[in-house]
Amino acid sequence: MKAQGSSSRNTEDIEMIKRCLWGAIAALSLSANAQSSVTIYGIIDAGITYIDNQGGGKQYKFADGVNYGNRLGFRGAEDLGGGLRALFNLEMGFNLRNGTLAQGGRGFGRQSWVGLESASLGTVTMGRQYDFVRDYLTQFNYGGFASVYAGHQGDYDRISGKQMDNTVKYVTPSFGGFTAGAMFAFGEQIDAFNTKTAFSLGSGYKNGPLSVGAAYVRLNDTNVYPYAQTGVFSFMGVPAAVADPATNTVTDLYGTTGSGFLVDKQEIAGIGISYNFEKFLLAANTTATKFTKGDNSTTQHVYELGGMYFLGGPWALVGGYQHVTMADDRWNQYTGAVRYSLSKRTTIYASASYLHASSNVDASQGAGFYTLPSNDNSQTTYRVALVHTF
């Protein structure tokens with residue numbers, strides 16, 4: 001009886017081992033069919049900026065996240081089989097100078113989205129995402145790459161890269177180097193579907209050294225800050241700022257601490273092209289941004305030419321020229337930078353940007369939120385900084 005009991009237990013043990021082995025094999029099979037990965041990445045940009053005329057004074061300051069917004073991100077993908085993948089991206093911006101969050105204190109203010117990608121059908125993502133100006137046009141903004149202070153005037157055309165909330169975004173697979181996409185941002189307004197909504201379209205083509213991109217964005221019921229962003233005293237026929245002739249003090253009527261100037265529609269259309277001549281990259285782009293309020297409208301036109309030249313070894317030069325028109329106002333901006341790569345991850349850059357505007361405009365470089373407008377029609381910005389990626 002004892003021998004029979006021992007044999008029975010041995011048989012049970014063998015069956016248990018078999019089940020464990022089959023379970024392990026099944027788990028390994030599932031793992032192989034549903035492989036996933038998560039990447040942690042980031043960029044830190046910090047340096048010293050000098051502005052020759054900021055509200056009539058000169059300023060030296062520590063400035064971080066200028067050319068490259070400081071960020072920490074988590075990017076992941078899971079293979080679902082059959083050519084289908086699940087994707088996500090969570091990316092926060094932060095201020096190195098004091099450790100606070102950027103993008104108004106949002107936890108993942110730069111990007112926060114999830115989606116599905118099909119090799120044959122394309123990619124659908126949902127959440128807080130960049131529009132197609134960032135995806136298809138920003139790469140041609142070499143002036144802004146040399147110094148973000150030289151981004152397109154006022155950043156009205158969102159060339160610096162702007163996000164939209166509450167979005168659904170679709171991008172096609174690549175067909176011989178060509179891709180296209182569309183996205184819609186819900187306004188989240190009760191009984192007013194179109195209020196505060198936005199949408200964007202884009203397309204691009206890349207074949208060897210040639211790259212071409214085009215994008216369109218429409219924002220409904222949005223705010224702009226005419227004087228802070230571009231230094232103009234009149235916008236769409238309405239006073240935007242008032243100067244006291246006795247003290248030369250300017251009162252911004254639509255300042256960044258308030259609600260700004262509300263427009264019914266802001267429409268952006270642009271196209272860019274670049275060609276890689278091995279040691280020299282040449283790029284050009286143009287955008288048109290139309291503002292509509294009631295029966296009134298005005299359009300800003302930007303024309304840019306830029307390039308990057310690799311001197312050999314770790315050295316590179318970057319430069320750009322921009323000409324901007326809006327109503328009776330004109331801007332000309334010249335930018336240059338030198339870059340030295342200490343390694344694949346660490347670069348030092350030095351840049352200078354000069355803006356000259358119409359006589360009735362206070363010069364305000366780039367997006368207008370890095371510096372205050374000058375008290376005349378010219379402004380020069382210099383910067384030396386260190387960038388590290390991880």
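Criterion: ILVMFWY side-chain heavy atoms under 4.5 Å apart, direct or through other members. Under it, V384 and Y382 are not part of a common hydrophobic cluster.
Between the side chains of K290 and T299, no donor-acceptor pair of N or O atoms lies under 3.5 Å. No hydrogens or angles considered: a donor-acceptor pair under 3.5 Å links the side chains of Q365 and S353. In this structure, a donor-acceptor pair under 3.5 Å is present between the side chains of H388 and T346. A side-chain N or O of E304 and one of N141 form a donor-acceptor pair less than 3.5 Å apart. In this structure, a donor-acceptor pair under 3.5 Å is present between the side chains of Y136 and T179. Side-chain contact, S359 with N377: no donor N or O sits under 3.5 Å from an acceptor N or O.
Residues V263 and T292 form no side-chain contact, since every pair of their non-hydrogen atoms from C-beta on lies 4.5 Å or further apart. Counting heavy atoms from C-beta on, the side chains of L253 and V242 come closer than 4.5 Å. No side-chain heavy atom of V302 sits under 4.5 Å from any side-chain heavy atom of Q153. Contact of the I44 side chain with the L96 side chain is registered, since non-hydrogen atoms from C-beta on lie closer than 4.5 Å.
Counting only residues at least two apart or in different chains, ring-ring contact (aromatic ring centres under 6.0 Å, His included) contacts with residues 52-95 comprise Y50-Y60. Listed by first and then second residue, the ring-ring contact (aromatic ring centres under 6.0 Å, His included) pairs involving residues 239-267 are F235-F261, Y254-F261 (not counting sequence neighbours). Screening residues 98-127 for ring-ring contact (aromatic ring centres under 6.0 Å, His included), with sequence neighbours left out, gives no hits. Among residue pairs with one or both ends in residues 307-342, those qualifying as ring-ring contact (aromatic ring centres under 6.0 Å, His included) are W315-Y340, Y321-Y334; sequence neighbours excluded. Sequence neighbours left out, the pairs with a member in residues 258-271 that pass side-chain hydrogen bond (donor to acceptor under 3.5 Å, both in side chains) are Y216-E267.
With sequence neighbours excluded, no residue satisfies salt bridge (Lys or Arg N to Asp or Glu O under 4.0 Å) with D252. Looking at residues two or more places apart in sequence or on another chain, you find no ring-ring contact (aromatic ring centres under 6.0 Å, His included) involving F175. In this structure T100 satisfies the side-chain hydrogen bond (donor to acceptor under 3.5 Å, both in side chains) test together with N95, N98, sequence neighbours excluded. Scored by the ring-ring contact (aromatic ring centres under 6.0 Å, His included) test, Y156 finds F291 as partners (sequence neighbours excluded). Under the rule for a salt bridge (Lys or Arg N to Asp or Glu O under 4.0 Å), the partners of D45 that lie at least two apart in sequence or sit in another chain are R383. Residues satisfying the ring-ring contact (aromatic ring centres under 6.0 Å, His included) criterion with Y227, sequence neighbours excluded, are F233.
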Residues 120-134 side chain polar contacts: donor-acceptor under 3.5 Å, at least two apart:
residue: S120; atom: OG; partner: S118; partner atom: OG; Å: 3.4
residue: T125; atom: OG1; partner: Q129; partner atom: OE1; Å: 2.4
residue: R128; atom: NE; partner: G109; partner atom: O; Å: 2.4
residue: R128; atom: NH1; partner: D165; partner atom: OD1; Å: 2.5
residue: R128; atom: NH2; partner: G109; partner atom: O; Å: 3.0
residue: R128; atom: NH2; partner: Q163; partner atom: OE1; Å: 3.4
residue: Q129; atom: NE2; partner: T125; partner atom: O; Å: 3.3
residue: Q129; atom: NE2; partner: T167; partner atom: OG1; Å: 2.8
residue: Y130; atom: OH; partner: R110; partner atom: NH2; Å: 3.3
residue: Y130; atom: OH; partner: R134; partner atom: NH1; Å: 3.3
residue: Y130; atom: OH; partner: Q163; partner atom: NE2; Å: 3.3
residue: D131; atom: OD1; partner: V133; partner atom: N; Å: 2.9
residue: D131; atom: OD1; partner: R134; partner atom: N; Å: 3.3
residue: D131; atom: OD2; partner: R158; partner atom: NE; Å: 2.6
residue: D131; atom: OD2; partner: R158; partner atom: NH2; Å: 3.1

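Summarising the geometry of V250 relative to A241, their closest heavy-atom pair is CG1-CB, 3.9 Å, with the distance given to 0.1 Å.
Although no hydrogens or angles enter the test, the distance criterion places a donor-acceptor pair under 3.5 Å between the side chain of T138 and the main chain of I159.
Here the two rings, on Y142 and F280, have centers that are 6.0 Å apart or farther.
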